[in-house]
Amino acid sequence: MSEVQQIKSRQRVQDHGEVFTNPREVNAMLDLVKQETERIDSRFLEPACGDGNFLVEILRRKLAVVHRQYRRSALDFEKYSLLALSSIYGVELLPDNAARCRERLFQIWDEAYTAVCKKSRLAQACREAAHYLLERNIICGDALTMETETGEALVFSQWSLIGSRFKRADYSLNGLLKAQPPQPDQVPLPEAPRAQQQQSMLRKEPLVEQTSLLDQFHLTAQNPDNKQEEPASAQPETDEEGRLLHEYPLTDYWRIAHEHQPLARPGL
Ligand SMILES: C[S@@+](CC[C@H](N)C(=O)[O-])C[C@H]1O[C@@H](n2cnc3c(N)ncnc32)[C@H](O)[C@@H]1O
């Protein structure tokens, strides 16, 4: 496991606390939620993601599972590798780090994709879809003020695979964090060790909140009874507290980049 260069300059450490984490520590920490890192659609959000040391490793683990399960079908591999990518989110203050993070994630996805789907007629469209997902999911902004450099709210898209199509629903980070944390009996708990679950409940923290933040809020805000999701309507929808900003029509996975025009964001 090669070490990363942990520091770019003393100035950046002083100004932004920029110290990168080595793969050994990254892996040891991810092993604490190993099951989640190996679930293709578990959602991870890293609020100070740097150039992606954690997110890159999460994607590697998810893609290894996609490869094991779907390498015999290019169509399935495309769909599920995009689903894996779509579940990874980051916020980073510095534009060069955010851009590098997207680049690294794309490279890993593309290598895995190319190995299995060399002959896909959808290859170009899938690569565009992957770029588009990364543009939306890895945001250059301030995780503390929850705004971009130009003062716009940080908005995350939740992607759900329904058949061969993706559903997109946009949430502001601010709205997500204001939403009531889910109660233990509303959310199916991951299989964390029992002692860890009990400690977490005593502290009144949602379990593995980073790994399924959007999942959990979606369940409580949109789906209090934990029912099967309805197919998305073509109309924009807002929940009673305005947390869901916009919902998009279902889109074939390879068409994402064309049917959802990217929003202009600084640092992209
Ligand atoms: C300690 S480094 C960690 C980077 C990465 N998570 C890793 O472990 O390699 C912290 C990162 O957070 C970024 N950062 C600092 N303040 C931030 C803020 N308010 N919002 C988002 N990112 C921030 C820095 O630019 C830096 O890249």
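Values below: all heavy atoms of this structure, side chains included; hydrogens, waters and symmetry mates excluded. Counting starts at 1 for both ligands and their atoms, in listed order. Please read these numbers as outputs of a predicted model, since none were measured by experiment.
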Residues two or more places apart in sequence or in another chain: which of them pass salt bridge (Lys or Arg N to Asp or Glu O under 4.0 Å) with D15? none
List in chain and number order the residues that pass salt bridge (Lys or Arg N to Asp or Glu O under 4.0 Å) with R12, two or more places apart in sequence or in another chain; answer none if no residue qualifies. E18, D96
Test of understanding: with ring pair (Phe, Tyr, Trp, His ring centres under 6.0 Å), list the residues that count as partners of Y113, not counting sequence neighbours. W109
Parallel, tilted or perpendicular for H67 and F77, by the 30°/60° rule? perpendicular
Is a salt bridge present between K34 and D31, judged by a nitrogen-to-oxygen distance below 4.0 Å? no
Check: F156 ring centroid to Y89 ring centroid under 6.0 Å: yes
Per-ligand residue contacts, ligand 1, heavy-atom threshold under 4.0 Å: H16, G17, E18, V19, F20, T21, E46, P47, A48, C49, G50, N53, F54, E92, L93, L94, N97, G141, D142, A143, L144
